[in-house]
Amino acid sequence: MSEAPQPTAAAAKPTSAKVLPALILAMLAYSVVQTAVVPILPSLAAELKVSGSDITWLMTANLLSAAVLTPLLGRFGDLRGRKPVLLISLAGLVLGSGLAVCTHSFGLLVVARVLQGAGGGVLPLAIAIVRDELPKQKVTAGVAAISASMGVGSGLGLVATGLLLEHWDYKSIFWMGLVFGLAAVALVILRVPSDPVVDKNGGADPLGALTLAGWLSALLIAVSRGNEWGWGSTRTLGLFAVAAVVALLWLLVEAKVAHPLVDLKMMARPAVAFTNISGLLIGFGMYGSFMVISNFAQTPEKLTHYGFTATVLHAGIMLLPSAIGSMVAAPVGALLIARRGPRLPLVLGGLLGAVAMAYLALRHDAEFDIYFSSAVFGLGVGLAYAAMPAYINGAVPAEQSGIANGMNAVLRTVGGAIGTAVMAAILTGDTLKLPIPVHLPTLNAYQNAFWIAGAMCLVAAIVPFAIRATKPASTPTEQPTPALAKTDA
């Protein structure tokens with residue numbers, strides 16, 4: 001399917017130089033906030049006097065919130081306009097950061113992380129705004145820049161955490177999120193126009209929203225806590241069963257209501273369905289590898305004879321090349337999409353991720369190995385993230401762009417939650433016997449984790465070949481966007 005006609009005349013569209021910086025800053029603000037706490041969870045547990053298992057709720061709560069709110073905000077943007085809903089999404093991020101700055105309570109900090117999860121709506125809303133507002137020849141590069149900035153922000157968040165902790169306490173991390181969020185809000189108000197794409201014939205779907213939130217919550221809690229509770233425990237299996245039953249109920253609801261939250265026929269289109277599968281697999285590889293590489297770098301070499309005894313800052317710097325790689329991927333991905341369609345960068349993204357993880361499984365004795373593989377992996381993630389919205393936007397009409405990209409973002413989040421849980425299970429399941437009360441993974445456990453992350457990325461590279469490449473016919477009045485010239489309808 002060719003891209004739906006745009007509602008605004010080309011002459012009236014703003015330039016990318018005006019709109020893009022605001023949207024990219026909004027995406028960076030969310031991605032930095034999401035990953036910044038990852039390297040300091042153990043120290044936060046000691047600071048807040050909670051157990052190591054309880055402190056993981058600071059990540060789990062954020063993932064749950066983002067998974068549930070992202071498609072809802074994407075759909076509300078389709079119904080009521082993208083700019084106001086984007087500001088609501090950023091307001092959640094700002095309020096959560098402000099609450100985190102003001103409290104020393106673990107419970108309120110979890111609430112703050114839930115509020116920050118509203119920032120997950122930035123990705124689908126920003127992509128929809130670019131599609132609606134920019135001249136058609138600028139859409140490919142704009143979408144690629146926003147998508148790749150998610151990988152850039154994730155890498156920068158890890159480095160910024162280390163830098164801040166060198167001079168201040170953990171509160172400085174939430175101050176960073178507050179400043180980023182406020183700057184993004186101001187720039188969006190000033191630079192993003194009120195968008196004209198509103199699905200005036202659509203409607204709310206409260207039951208669909210409730211059931212979607214139900215099965216996503218059950219699934220992500222089971223995945224994130226399964227390693228602690230035991231994968232065969234009653235609680236874990238019970239939550240998986242609840243997720244399956246409520247997911248089935250959600251499908252039945254969406255098939256029956258007049259105005260579904262998620263159009264199942266749209267989600268079943270090959271270009272959407274297979275892109276979402278790739279998104280889940282790439283999310284698995286990205287979040288899982290960040291955790292594994294950070295832990296590997298911080299492992300005390302004298303005790304284990306591997307690792308680099310790195311500080312939080314040093315470990316973050318070793319992952320910094322991933323952010324640089326994602327930054328480079330944005331213009332490269334846009335060029336490849338414009339010339340060859342989105343399949344090539346999506347396939348290359350998966351392949352580069354697989355190569356990076358395979359390299360680390362085989363070579364990990366020198367810091368150069370971490371820097372090199374991190375750069376290659378970041379380039380792969382950036383290319384894949386740039387290609388996914390191009391596939392989806394080429395297969396759905398403009399009024400469904402927000403929810404379609406929102407569901408893709410949800411599956412990346414779900415993939416990330418599964419990836420971190422699986423990696424944690426691998427690392428804790430094979431530990432060294434040391435004369436101290438510390439459980440450190442064996443080198444073999446890390447190698448297995450790298451191989452599994454690489455395998456997921458390799459499958460993500462194969463999946464796009466299931467999408468039939470077509471070249472939509474153009475009309476005298478509506479030329480297809482170059483980025484979409486070879487996507488499935």
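Positions are given from 1, in the same order as the sequence printed here. Since the model is a prediction, treat every value here as computed from it, not as a measurement.
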For the residue pair [X] and [Y], establish whether any side-chain heavy-atom pair is separated by less than 4.5 Å.
X: Leu360; Y: Phe377; value: no
X: Asn62; Y: Leu58; value: no
X: Met318; Y: Ser374; value: no
X: Trp168; Y: Met176; value: no
X: Leu28; Y: Val152; value: yes
X: Trp57; Y: Ile221; value: yes
X: Glu254; Y: Met267; value: no
X: Met388; Y: Asn408; value: yes

Step by step, work out the side chain to side chain contact (heavy atoms under 4.5 Å, CB included) result for Leu344 and Arg339. CA-CA 10 Å; Leu344 179 59; Arg339 293 186 176 181; over 6 Å; no
Is [X] reaching over with its side chain to a backbone N or O of [Y], donor-acceptor style, under 3.5 angstrom?
X: Asp78; Y: Gly402; value: yes
X: Asp205; Y: Pro260; value: no
X: Ser217; Y: Gly214; value: no
X: Ser289; Y: Gly285; value: yes
X: Thr275; Y: Ala271; value: yes
X: Lys18; Y: Val192; value: no
X: Thr420; Y: Ala417; value: yes
X: Arg82; Y: Gly77; value: yes
X: Arg113; Y: Thr60; value: no
X: Ser322; Y: Gly378; value: no

Please test Ile277 against Val459 for side chain to side chain contact (heavy atoms under 4.5 Å, CB included), starting from the C-alpha separation and ending with a verdict. CA-CA 10 Å; Ile277 293 172; Val459 176; over 6 Å; no
Please name the residue in the list Thr70, Leu73, Ile146 that meets the side-chain contact (heavy atoms from CB on, under 4.5 Å) test with Leu123.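 The option that passes is Ile146.
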Answer yes if the side chains of Asp263 and Gln400 hold a donor-acceptor pair under 3.5 Å, and no otherwise.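 Side-chain D/A pair, Asp263 to Gln400: present.
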Looking only at side-chain N and O atoms, does Ser401 offer a donor or acceptor that is under 3.5 Å from a partner on Asn393?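 Side chains of Asn393 and Ser401: pair found under 3.5 Å.
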Gly177 to Val33 - nearest heavy-atom pair and separation: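 Reported closest heavy-atom pair: CA-CG2, 3.5 Å.
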Pair Leu346, Tyr391 - check side chain to side chain contact (heavy atoms under 4.5 Å, CB included), show working. CA-CA 10 Å; Leu346 186 50; Tyr391 256 134; 3.9 Å; yes
Over 60° means perpendicular and under 30° means parallel, so tell me whether Phe174 and Tyr170 are parallel, tilted or perpendicular.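 Answer is perpendicular, since the angle exceeds 60°.
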Within a reach of under 6.0 Å around CZ of Phe450, are more than 12 heavy atoms found that belong to other residues, nucleotides or ligands?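 Enclosed.
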Test the Arg412-Tyr287 pair against the cation-pi criterion, namely NZ or CZ under 6.0 angstrom from the six-membered ring centroid and within 45° of the ring axis.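 The answer is no; the distance or angle limit is not met.
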Name every donor-acceptor pair, under 3.5 Å, that has one atom in a side chain of residues 85-102 and the other anywhere in the protein, sequence neighbours excluded.
from, atom 1, to, atom 2, distance (Å)
Ser89, OG, Ala118, O, 2.5
Ser97, OG, Leu93, O, 2.9
Ser97, OG, Gln116, NE2, 3.0

With side chain to side chain contact (heavy atoms under 4.5 Å, CB included) as the criterion, how do Leu72 and Ile403 come out once you've worked through the C-alpha distance, each side chain's angles and the decisive distance to 0.1 Å? CA-CA 7 Å; Leu72 297 182; Ile403 184 60; over 6 Å; no
